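Read through the structure below, which is laid out as structure tokens, and then see the notes.
Labels below follow one simple rule: chain letters A, B, ... track the order of the sequence lines, proteins then strands, and each chain is numbered from 1. This structure is a prediction, so every number in the text was calculated from the model and none was measured.
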Amino acid sequence: MAEITKRSDDYSRWYQDVIQAAELAENSPVRGCMVIRPNGYAIWENIQRTLDDRFKELGHVNAYFPLLIPKSFLAKEAEHIEGFAKECAIVTHHRLKQVTVDGKTTVIPDPESKLEEEYIIRPTSETVIWDQYRKWIQSYRDLPLLINQWANVMRWEMRTRMFLRTTEFLWQEGHTAHATAAEGREETLRMLEVYRWFAEEVLAMPVVCGAKTPNERFAGAVETFSIEAMMQDRKALQAATSHDLGQNFAKAFDVKYQDAEGKVEYVWATSWGMSTRIMGALIMTHSDDNGLVLPPRIARVKAVIVPIWKNDQEMAAVCEAADKLAAELKPVVGLVHVDKRDKMRPGWKYAEWERKGVPVRLELGPRDLAAGHVMMAARHDRAKNAVKFDELATALPAELERIQQDLFDAALKRRTEATVEIDTWDGFVKLFQDGGGFAHCHWCGDGACEQAIQDETRVTIRNIPFDRDETPGKCVHCGKDSIGRVLFAQSY
RNA sequence: CGGGGCGUAGCGCAGCCCGGUUAGCGCGCCUGCUUCGGGAGCAGGAGGUCGGGAGUUCAAAUCUCCCCGCCCCGACCA
């Protein structure tokens with residue numbers, strides 16, 4: 001098995017090594033696209049299940065809209081097209097033709113099958129969805145309309161990275177329509193809170209909630225909100241976004257409703273999404289030089305039992321006990337896997353399950369069997385101790401909870417230690433030359449100034465935190481008046 | 001798309017500068033025996049159009065040109 005590069009040697013290489021070692025994903029023949037392997041997809045399935053349940057508790061329903069969008073649709077919202085035009089894949093033909101060139105048979109798009117109206121592969125679905133909403137919404141009784149879809153989208157990025165930025169990615173996109181601006185804003189913030197809850201409580205990933213600056217807003221949004229996490233290299237990662245779209249799409253697609261008084265008005269819209277990118281954040285938040293570390297709440301396999309034996313007789317006895325334990329624990333904590341593979345010794349299995357991030361390992365050998373206990377070892381801190389069989393049904397859930405909490409605490413501690421307030425430009429430049437971090441600084445509010453900061457330092461405003469310090473001050477870059485601090489960081 | 005690095009067995013690499021038997025090594029894989037409480041040992045074995053194409057040459061992994069892909073640093077982004 002290939003060695004995992006140490007984080008301290010090459011963070012970016014380490015990240016790729018972890019993905020390979022844990023068999024999460026690999027590159028595909030198509031540039032910028034990845035194959036998500038079963039271990040990786042299991043994490044995505046848990047993300048889907050958990051978020052989907054939460055969406056439905058809040059009244060959303062799922063639907064599915066098509067992958068292909070008529071080219072003309074994208075042009076209907078001016079800012080929207082400006083934001084996405086540069087990264088769209090376009091379908092131009094509907095048939096291939098076999099041709100022979102220099103004795104070799106190949107296929108080309110059949111010139112006779114050129115489409116009259118070309119399609120684009122969705123970079124996001126606002127346009128098709130709003131074209132449909134026009135037909136579905138007539139009265140205030142049709143509102144609010146709360147729909148989500150799980151889908152793949154394509155954005156032709158110049159530079160890609162596993163999970164963090166791939167040409168094709170998976171996500172969910174919620175699209176809602178409301179009768180008032182206030183309801184739209186309320187929904188936008190409600191869904192941002194769902195993402196905060198999910199990131200912090202399920203993924204054990206502390207985040208900063210806030211509003212994006214106008215420069216960083218979603219193309220076509222009135223206001224964009226984000227949750228921002230800090231990775232172990234101190235760079236920020238936008239983990240999810242929620243947009244208040246105002247009436248921009250309703251106007252572009254002519255979606256109106258009649259209220260109780262008979263007055264006709266455009267509806268108010270929101271959209272919100274979390275993508276497979278979050279898996280990159282998950283990997284980079286918790287994993288270590290031994291491989292993947294998964295918070296128990298998102299791990300498919302909660303614990304693995306490694307039976308230990310010397311001969312067939314011991315094997316039979318130990319495996320039987322292991323199966324029994326796994327069956328008892330499953331209703332309590334979820335999947336507990338028994339690794340009965342022969343020809344691999346226990347030490348090898350320990351190392352493998354560590355690479356793959358299984359939160360807890362239970363070692364069960366003849367000596368343990370005789371003593372009526374198992375050795376329980378945690379992935380993240382290697383803490384190991386004996387637990388009696390009849391105590392395992394309470395000890396294992398408690399250990400999983402401890403792990404979940406430890407991971408969150410460690411991530412929060414890293415972030416706290418790498419978060420500072422900076423009031424001088426020299427200090428700002430120095431921070432980001434010297435390891436970086438989260439910097440709460442005053443900003444004048446001018447987009448040109450924000451851009452200048454980015455051009456000079458590669459540092460951007462991640463968001464304007466909800467809980468920011470609103471003591472007035474002077475912009476860290478230009479010195480003009482500022483009404484409060486914003487969050488600066490280098491980002492993925 | 002610009003700058004830098006790299007493509008040789010599933011993974012990690014050597015060989016290339018200075019062309020020349022049958023292209024090696026470690027890990028993994030297969031078979032057998034001994035093993036088995038932190039990545040087992042021995043023996044035998046399978047696996048390669050040396051990223052692709054064109055050229056130079058008696059002869060190309062090695063030299064030349066073109067193309068493709070990957071990684072890092074920029075410009076764009078969830």
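Among the heavy atoms of the strands lying under 4.0 Å from Glu157(A) is at least one base atom, whether or not backbone atoms are also near. Within 4.0 Å of Met274(A), counting heavy atoms only, lies no atom of the nucleic acid at all. Contacts of Asn311(A) with the nucleic acid, taken as non-hydrogen atoms under 4.0 Å apart, are absent. Counting any heavy atom pair closer than 4.0 Å across all strands shown, Gly32(A) reaches sugar-phosphate atoms only and no base atom. Ser12(A) comes within 4.0 angstrom of sugar-phosphate atoms only, judged by non-hydrogen atoms across all strands, and of no base. Counting non-hydrogen atoms under 4.0 angstrom, Thr166(A) reaches a base of the nucleic acid. Arg161(A) comes within 4.0 angstrom of sugar-phosphate atoms only, judged by non-hydrogen atoms across all strands, and of no base. The residue Lys384(A) sits close to a base: some heavy atom pair falls under 4.0 Å. Here Gln16(A) lies in heavy-atom contact (under 4.0 Å) with sugar-phosphate atoms only. Residue Arg31(A) is classed as a sugar-phosphate contact, given heavy-atom separations below 4.0 Å to backbone atoms only. Phe218(A) comes within contact range of no nucleotide atom at all, as no heavy-atom separation falls under 4.0 Å. Across all strands, Leu237(A) comes closer than 4.0 Å to no nucleic acid atom at all (heavy-atom distances).
Sparse packing is recorded around CH2 of Trp156(A), with 12 or fewer heavy atoms of other residues, nucleotides or ligands lying under 6.0 Å away.
In this structure, Trp353(A) and His337(A) have tilted ring planes: the angle between them lies in the 30° to 60° band. Ring planes of Tyr11(A) and Trp14(A): tilted class, angle from 30 to 60°. Ring geometry for Phe466(A) versus Phe225(A): interplanar angle of 30 to 60°, hence tilted.
Both the sub-6.0 Å distance and the 45° axial angle are not jointly satisfied by Arg462(A) relative to the ring of Phe488(A).
Protein atom CE of Met191(A) is 19 Å distant from nucleotide atom P of A78(B), rounded to whole Å. Whole-Å rounding puts the Ile278(A) CD1 to A78(B) C1' distance at 10 Å. Counting to the nearest Å, the P atom of A78(B) and the CE atom of Met205(A) are 18 Å from each other. Between the P atom of G39(B) and the OH atom of Tyr350(A) lies a distance of 10 Å, rounded to the nearest Å. Atom pair Glu87(A):CD and A75(B):P shows a separation of 16 Å (rounding to whole Å applied). Computed from coordinates, the Tyr492(A) OH to C76(B) C1' distance equals 17 Å when rounded to whole Å. Gln490(A) has its CD atom 17 Å from the P atom of C77(B), to the nearest Å. Rounded to whole Å, the distance from CD on Gln172(A) to P on A78(B) is 15 Å.
Side-chain N/O atoms of Asp368(A) and base N/O atoms of G37(B) include a donor-acceptor pair closer than 3.5 Å.
Each of A78(B), G38(B), G37(B) was ranked by its minimum atom distance to the side chain of Arg361(A); first place goes to G38(B). When the nucleotides C76(B), C36(B), G39(B) are ranked by their closest atom to the side chain of Arg355(A), G39(B) comes out on top. In the set C36(B), G38(B), A78(B), G38(B) carries the atom at the smallest distance from any side-chain atom of Glu354(A). The side chain of Trp348(A) lies closest to A40(B), out of C71(B), G38(B), A40(B). Comparing C11(B), G74(B), C36(B) by their closest approach to the side chain of Arg458(A) singles out G74(B).
Nearest-nucleotide assignment on RNA chain B puts the 5′-proximal partner with Lys343(A), out of Lys343(A) and Gln454(A). Nearest-nucleotide positions on RNA chain B for Arg159(A) and Trp309(A) put Trp309(A) closer to the 5' end.
Applying the Watson-Crick and G-U wobble criteria (two distances, each under 3.5 Å), C16(B) pairs with nothing in any strand. With a 3.5 Å ceiling on both atom-pair distances, G39(B) lacks any Watson-Crick or G-U wobble partner. Nucleotide C29(B): paired with G45(B) (Watson-Crick or G-U wobble, both distances less than 3.5 Å). Across every strand in view, C63(B) sits in a pair with G55(B) that passes the Watson-Crick or G-U test at under 3.5 angstrom.
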Scan the side chains in residues 125-133 of chain A for donor-acceptor partners under 3.5 Å anywhere in the protein, sequence neighbours excluded, and list what turns up.
residue: Ser125(A); atom: OG; partner: Gln149(A); partner atom: NE2; Å: 3.1
residue: Ser125(A); atom: OG; partner: Glu173(A); partner atom: OE1; Å: 3.4
residue: Ser125(A); atom: OG; partner: Glu173(A); partner atom: OE2; Å: 2.6
residue: Glu126(A); atom: OE1; partner: Thr124(A); partner atom: OG1; Å: 2.5
residue: Glu126(A); atom: OE2; partner: Ser271(A); partner atom: OG; Å: 2.8
residue: Asp131(A); atom: OD1; partner: Arg134(A); partner atom: NH1; Å: 3.3
residue: Asp131(A); atom: OD1; partner: Arg134(A); partner atom: NH2; Å: 2.9
residue: Tyr133(A); atom: OH; partner: His175(A); partner atom: O; Å: 2.8

Given the rule in the ring-ring contact (aromatic ring centres under 6.0 Å, His included) test, do Trp272(A) and His243(A) qualify, once you have shown the distances and angles that lead to the verdict?
-> CA-CA 6 Å; Trp272(A) 26 273; His243(A) 314 292; over 10 Å; no
